[in-house]
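Chain naming here is simple, since letters A, B, ... match the order of the sequence lines and numbering starts at 1 in each.
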Amino acid sequence: MKLKQKINQYISDALANAAINVEQVNVVEAGKPEFGDYQFNGIMPLAKKLRRNPREIAAEVAEQIDTGGVIRKAEVAGPGFINLWLDDIWLGEETGRILSDPRIGVEKKPDPVKVVIDYSGPNMAKQMHVGHLRSTIIGDTLSNLLTFLGDEVIRQNHIGDWGTQFGMLIAYLEEIGEDTGSENLKDLEQFYKDAKGRFDEDAAFADKAREYVVKIQSGDPHCLVLWKRFIDISLGHCEEIYEKLNVSLAREDVRAESFYNEKLPKVVEALDKKGKLQMSEGAKCVFLEDEEIPVIIQKGDGGYLYATTDLAALWFRSEVLGAKRISYVVDARQAGHFKQVFRVARESGLVGEDVLLEHIAFGTMMDKGGRPFKTREGGTVKLADLLDEAVVRAKEAIKAKDAYDPAALENLARIVGIGAVKYADLSINRESNYIFDWEKMLSLEGNTSLYQQYAYARIMSIFRKYDGEIRGRIVIGNEIEHRLSLLLLRFDDLLERAAKDAAPHQITSYLYDVTTLFMRFYEQNPILKEEVGEETRQSRLALSALTANVIRQGLSILGIGVVERL
RNA sequence: GCACCCAUAGCUCAGCUGGAUAGAGCAUCGCCCUUCUAAGGCGAGGGUCUUAGGUUCGAAUCCUAAUGGGUGUACCA
């Protein structure tokens, strides 16, 4: 339910009835409970234009607000605010309605578009490390979110499978034999080091490696077989990580760098035709106005750079895939690169005017001391290790360890631990640097995934005890039920805004509000106690069930699971 | 040098695009389990929203400058 839109309509109608012209009405959620549920602040800016007293205008408008159904009361306050209270009967009906809706009242977009989301993008020459974490989980969350809202999301995993180091790796793979190689590849870091070692110590090997680069690029069948074998194994490692992370990137989402290889000359040609190319210091470049650094399209030696690949990918995504929104979930440090590439794509007509291009930038992952996240030795932290540690730590943190058999405990620890890692990351504004702190994310207090999971488990516990169908209406009986219902009804508005801003932290923030409010409701409003009347009991059960649905669905968008018991 | 980003409680962060007395969580100090899961709830203290100007009915939010921090800056991705 587009609640805000609905309220806006009421205000628009009232303004029209009061013969006041406003282009855009925008109510906001009231800052304090005593100001009601929503407030309209648009009168004050008007007053000046109309040379009238804002309170007077506000009173005239408030008079016109239909308080027969959705809105119970409209009140003028302060210098000219209009505070709005929603009607309890209406709230009860609406929450009851979305309880029986599998989509929890979240409407599908009337105008869905094709969206390409480019995320994760691991390098096939290296094992996935913490540097890939944020892109992977933020990108996956946005994909889930937009899919849920009805857009046609095309996930694109732009893996790095091309480049000079692959000649070396393939030469080494061939040298030690494919079967041994598959085994050794378990530790890509080591494999890379070993290959590099051979490259440095053995000139013949080095020559062979260079030869392989040329051969791969010219399409030599044998080398391509080896190369594909290497990518396959390496990608398999990534998929294990995705599996652990509960990230839904699959083989068919992979559109590797190499895929664009044959399209690169066409990009150059297209830019040249548009008269965008200029030779500079031997390289083919595009110079943009007000940019001191050109975008190099083709190097002096004929080779291509990643800007060219990105342009080819942009063309492919808009022209072939038909995307109207193309989102890159990439480290904020590449802002300059994307700004330039997007401009080149637009100015050259490679991508149409109607396509939204966005760089979904995120900050760097830091340690507790505010320095880039590294191992104690200063190396990069492998994602596999980090996730294993999360599960181990979660297992440690689970209070009633003894109540579970080992398999159940393992499963629980996985859901809690991985959820904690993801939630901690998703719950802060993606653009700022993010401080990774085990204690905080697994301290299990405050705005964490476990707090949500705990609330969910508590609700499940109520239903285990009740063991029956909900068969009554929702009847708002007090202030806290009023606020909880209203918050649950805002789910649609919230998701819409989070999607527009590509901001997962708005979802966690919302879920935290829901959970906190539910905890208060739970403490103050007995449900299954003897003294509670049947109508009230059914109403509270329904509100609890709806809260559980919102938590489960919200966490599901974040790629985080819930458990029945904790 | 130039460009971009950031600065809110001791710490980690919100603040819905300009609204009313700036909010949470940690941490600190109280209170609440014979009661649906206390991994919880209730309460207290804690702020010159980095600084100085400006815009206007109204600024943490917009504009300018300063300070401090981060990042990027032509043939790597």
Side-chain angles (χ1 to χ4, degrees), chain A residues 4 26 28-32 34-35 39 41-42 44-45 47-48 54 77-81 83 121 123 158 160 162-165 257 280-285 290-301 303-307 309-310 331-337 339 361 363-364 368 370 397-400 424 427-429 431-435 437 439-440 443-448 450-451 453-455 457-466 490 493-494 497-498 501 503 505-506 508-510 512-513 516 519-520 522-530 532 537 540-541 544 565-566:
Chain A
K4 196 177 257 191
N26 192 23
V28 297
E29 290 158 19
K32 289 173 194 294
E34 59 262 38
F35 298 154
Q39 58 184 76
N41 305 329
M44 277 97 68
K48 179 119 185 173
F81 299 101
N83 294 337
N123 191 314
H158 191 82
W162 209 242
T164 48
Q165 74 267 47
E257 268 184 303
S280 174
E281 297 176 30
K284 289 180 183 165
C285 303
D290 299 323
E291 292 277 346
E292 56 178 325
I293 296 150
V295 181
I296 299 180
I297 302 298
Q298 192 170 17
K299 298 197 283 185
D301 66 3
Y304 300 98
L305 287 102
Y306 74 137
T309 311
D310 278 337
D331 193 297
R333 283 174 289 201
Q334 300 208 26
H337 164 73
K339 194 178 158 207
T364 311
K368 240 176 131 174
I398 288 165
K399 214 175 156 193
S427 63
I428 66 142
N429 182 344
E431 296 197 56
S432 39
N433 287 341
Y434 154 53
I435 294 181
D437 180 352
E439 266 96 81
K440 199 184 157 198
S443 79
L444 322 178
E445 282 168 334
N447 188 10
T448 64
L450 193 85
Y451 183 74
Q453 287 164 335
Y454 175 61
R458 268 183 136 177
I459 297 171
M460 292 303 107
S461 170
I462 297 169
F463 283 99
R464 272 197 299 278
K465 188 155 282 188
Y466 171 67
R490 284 176 178 163
D493 283 346
L494 174 277
R497 187 164 71 91
D501 298 342
H505 86 278
Q506 291 177 7
T508 61
S509 188
Y510 169 81
Y512 185 56
D513 286 345
T516 311
M519 289 291 197
R520 293 174 59 190
Y522 176 92
E523 300 273 341
Q524 293 171 29
N525 298 279
I527 300 170
L528 302 179
K529 301 290 158 56
E530 289 283 331
V532 180
R537 171 173 304 156
R540 290 180 180 167
L541 279 169
S544 301
R565 230 182 270 264
L566 200 58

Worksheet item: Think A/Lys32 has a side-chain N or O under 4.0 angstrom from the OP1 or OP2 of B/rG23?
Response: yes
Fill in: Separation of the P atoms in B/rU21 and B/rA59, to the nearest angstrom
10 Å
Worksheet item: Contact class for A/Phe35 vs. all strands (heavy atom < 4.0 Å): base, sugar-phosphate, or nothing?
Response: base
Response to the item:
For B/rG46, the nucleotide meeting Watson-Crick or G-U wobble distances (both under 3.5 Å) is none
Fill in: A/His158 side chain near B/rA77 phosphate (N/O to OP1/OP2, under 4.0 Å)
no
Item to complete: Select base, sugar-phosphate, or nothing to describe what A/Ala457 touches, counting heavy atoms under 4.0 Å on all strands.
Response: base
Practice prompt. Taking only the side-chain heavy atoms of A/Lys529 (C-beta and beyond), determine which of B/rA27, B/rU35, B/rA77 contains the nearest atom.
Written response: B/rU35
Worksheet item: Do any N or O atoms from the side chain of A/Arg540 and from the backbone of A/Pro526 form a donor-acceptor pair under 3.5 angstrom?
Response: yes
Worksheet item: Hey, is the side chain of A/Asn41 poking within less than 4.0 Å of OP1 or OP2 on B/rG58, counting only N and O atoms?
Response: no
Item to complete: Could you tell me the separation between the CD1 atom of A/Ile435 and the OG1 atom of A/Thr364, rounded to the nearest 0.5 Å?
Response: 11.5 Å
Practice prompt. Give a yes or no answer on whether the side chain of A/Asp493 reaches the backbone of A/Lys4 with a donor-acceptor pair at less than 3.5 Å.
Written response: yes
Worksheet item: Under 4.5 Å between any side-chain heavy atoms of A/Phe35 and A/Phe81, yes or no?
Response: no
Item to complete: Could you tell me whether the side-chain ring of A/Tyr454 sits stacked on the base of B/rG40, using a centroid cut-off under 5.5 Å and a plane angle under 30°?
Response: no
Worksheet item: Reckon A/Tyr304 touches a base, only the sugar-phosphate, or nothing at all at heavy-atom distances under 4.0 Å?
Response: sugar-phosphate
Item to complete: Describe the nucleic acid contact of A/Thr364 in one word from base, sugar-phosphate, nothing, applying a heavy-atom distance below 4.0 Å.
Response: nothing
Discussion item. Under 4.0 Å, counting only non-hydrogen atoms across every strand here, what does A/Glu439 touch: a base, just sugar-phosphate, or nothing?
Written reply: nothing
Item to complete: For A/Arg464 and for A/His337, locate the closest nucleotide of RNA chain B by heavy-atom distance; then report the residue assigned to the nucleotide nearer the 5' terminus.
Response: A/Arg464
Discussion item. At 4.0 Å (heavy atoms only), tell me whether A/Met44 reaches a base, stays on the sugar-phosphate, or touches nothing.
Written reply: base
Worksheet item: Can you find an N or O donor on one side and an acceptor on the other, under 3.5 Å apart, linking the side chain of A/Asp290 with the base of B/rA3?
Response: no
Worksheet entry | Minimum-distance nucleotide (side-chain atoms of A/Leu305 versus B/rC36, B/rC26, B/rA77) | B/rA77
Discussion item. Determine whether a donor-acceptor pair (one donor, one acceptor, N or O, separation below 3.5 Å) exists between the side chain of A/Glu291 and the base of B/rA3.
Written reply: no
Item to complete: Just call it for A/Asp301: base, sugar-phosphate, or nothing, with non-hydrogen atoms closer than 4.0 Å on any strand.
Response: nothing
Fill in: Presence of A/Tyr451 side-chain N/O under 4.0 Å of B/rG41 phosphate oxygens OP1/OP2
yes
Worksheet entry | First encountered from the 5' end of RNA chain B, between A/Asp501 and A/Lys48 | A/Asp501
Response to the item:
The Watson-Crick or G-U wobble partner of B/rU64, with both key distances under 3.5 Å, is B/rA52
Fill in: Residue matched to B/rU71 through Watson-Crick or wobble contacts both under 3.5 angstrom
B/rA3
